[in-house]
2 protein chains.
Amino acid sequence: MTISEENYIKVIYHLSLVSPKGVNTNAIAGMLDTKASSVTDMMKKLSDKDLVTYQKYQGVTLTDKGLHSAKMIVRKHRLWEVFLVDKLGFSWDEVHEIAEELEHIKSEQLINKLDAFLGFPVADPHGDPIPDAKGIIKKIEKQLLSEVEINASFHCVGVKDSSTDFLKYLDKQKIALGSVVKVIDKEDFDDTLTVEIDGKRLTISNKIANNLYVQ
Amino acid sequence: MTISEENYIKVIYHLSLVSPKGVNTNAIAGMLDTKASSVTDMMKKLSDKDLVTYQKYQGVTLTDKGLHSAKMIVRKHRLWEVFLVDKLGFSWDEVHEIAEELEHIKSEQLINKLDAFLGFPVADPHGDPIPDAKGIIKKIEKQLLSEVEINASFHCVGVKDSSTDFLKYLDKQKIALGSVVKVIDKEDFDDTLTVEIDGKRLTISNKIANNLYVQ
DNA sequence: TTTTATTTTTAGTTTTGTCTAAATTTAATT
DNA sequence: AATTAAATTTAGACAAAACTAAAAATAAAA
């Protein structure tokens, strides 16, 4: 499998989580910053390799084989992210791009040894679950902060949007995975929240609350 | 720089150490398992990018820019090898191929953080020196075991040939970097050595002694 | 249900890195 | 110095992965 093929498989996997009955050509093109025609070409190739089920104009889904490949790529990506943050001291907004390269390193032995070295983590630095060596993903129970009842206490377990801007905002507000969050009040007009994070009172917009997972 | 270009630069670097006045097209082709005509094509491209000095039929040398690139690739390769052995528990005969992939990961910050994480090692698991962030290579004083005087004590600091077969032989004989070696006797006929390694007496061929560096 | 708009595919090119086969240059030998 | 051998380069072709522009299919709107 080439790096390009792996990138397509990975994108189809992520899009499948949202549209499980078939992923659009244009959606794939958008994610990979390429043209629809290139996607069509690649779908034929991946279909020949039995990684996707593809019928003209009908969108694509991953085969079992494709799904497993995708999970292994995601596994590698997220394990490398843990390595970069926990061992090398990168911050969580710096690791995505590097992990995009590292996820294509081939050795299975490497990734399993890395997994052990890191202590078999179940989530990456953004709270996303890490598939195990068999591809099994332990579901992390979580809710968006925007949907949680008032006056109950939670702690941060992940982010939905992991863009640099959002992560840097969280850093600035000293919000990290593990932080204890309690919703004090919710403004009816625009859903702005007053929260207490690690004991400190803070006002956050609905957009922020809608991108933060708590448990 | 593409992966392919990096591989060419690296090979030219290694060959330059042996033939500093110009590296042959065929030699490069041999190392990269490709054809001479492909090498010629690539030399034009690398020359356009000011990475090599190339004149038809006259062989190639690295420019300053090319030399620096080469050293950074070697640096990455060797640091990753240290990581694989010291942190992940690979044996020294397993790491070369994986490092061949890892050496192409782009981030400079990554490699400098890795360097720090590993404690700024000066040599890789085979005893080869690791260029620092500026490309400076600390020369390791060493002699081949085959060229050392009788009855003096040394310790192993590296291997010349790092093929799997040779490394596995050393493992079997419990010879590792750091082992204390003393030449007890040398057979005039075929230069076979009787040595004492970590206190244990052993007979080794000239071919072995000729691939083991001591200090 | 037509018509229009959108999405997707096809057809034909381009670029990168490779190849084969032929031509050319350099090196070695008689 | 002429001839042969070896190394190197050129010319032309191919596969992978992308592109553009045009055609075809599906979906949305009138």
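Below, each value reflects all heavy atoms present in this structure, side chains not excepted, and no hydrogens, waters or symmetry copies. Please read all numbers here as calculations on a predicted model, not as lab measurements. A note on names: the letters A, B, ... follow the listed sequences, proteins ahead of strands, and every chain is numbered from 1.
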Give a yes or no on whether a salt bridge exists between Lys10(A) and Glu103(A), defined as a side-chain N under 4.0 angstrom from a carboxylate O. yes
Tell me whether the centres of the aromatic rings in Phe83(A) and Phe83(B) are closer together than 6.0 Å. yes
Work out which heavy atom in [X] is nearest to a heavy atom in [Y]; give both atom names and the distance.
X: Thr203(A); Y: Thr192(A); answer: CG2-CG2, 3.3 Å
X: Tyr13(A); Y: Ala70(A); answer: CB-CB, 3.5 Å
X: Ser162(A); Y: Leu167(A); answer: O-CD1, 3.5 Å

Looking at Phe117(B), does the NZ or CZ of Lys87(A) lie under 6.0 angstrom from its six-membered ring centre and within 45 degrees of the ring axis? no
Find out whether the Lys NZ or Arg CZ of Lys113(B) is both under 6.0 angstrom from the six-membered ring centre of Phe90(A) and within 45° of the ring's axis. yes
Nucleotide by nucleotide, nucleotides 3-8 of chain C touches protein heavy atoms under 4.0 Å in the pattern (B base, S sugar-phosphate only, - none) ----SB
Mind calculating the distance between [atom1] ([X]) and [atom2] ([N]) to the nearest angstrom?
X: Asp48(B); N: dT15(C); atom1: CG; atom2: P; result: 15 Å
X: Glu5(B); N: dT15(C); atom1: CD; atom2: P; result: 16 Å
X: Leu32(A); N: dC19(D); atom1: CG; atom2: C1'; result: 15 Å
X: Ile3(B); N: dA16(D); atom1: CD1; atom2: C1'; result: 15 Å
X: Met1(B); N: dT16(C); atom1: CE; atom2: C1'; result: 15 Å
X: Gln55(A); N: dT9(C); atom1: CD; atom2: C1'; result: 15 Å
X: Ile28(B); N: dT8(D); atom1: CD1; atom2: P; result: 9 Å

Over 12 foreign heavy atoms within 6.0 Å of NZ, Lys168(A): no
All pairs passing ring-ring contact (aromatic ring centres under 6.0 Å, His included) where residues 36-78 of chain B contributes a residue, at least two apart: His77(B)-His96(B)
Partners passing ring-ring contact (aromatic ring centres under 6.0 Å, His included) against Tyr8(B) (at least two apart in sequence or in another chain): none
Using the test ring-ring contact (aromatic ring centres under 6.0 Å, His included), find all partners of His104(B) that sit at least two apart in sequence or belong to another chain. none
Got a list of protein N/O to nucleotides 12-14 of chain D N/O distances below 3.5 Å?
none

Could you list the protein-to-nucleotides 20-22 of chain D atom pairs, N/O on both sides, closer than 3.5 Å?
from: dT20(D); atom 1: OP2; to: Lys35(A); atom 2: NZ; distance (Å): 3.0
from: dT20(D); atom 1: O4; to: Ser37(A); atom 2: OG; distance (Å): 3.0

Considering just the side-chain nitrogens and oxygens of Lys44(A), establish if one lies under 4.0 Å of OP1 or OP2 belonging to dT9(C). no
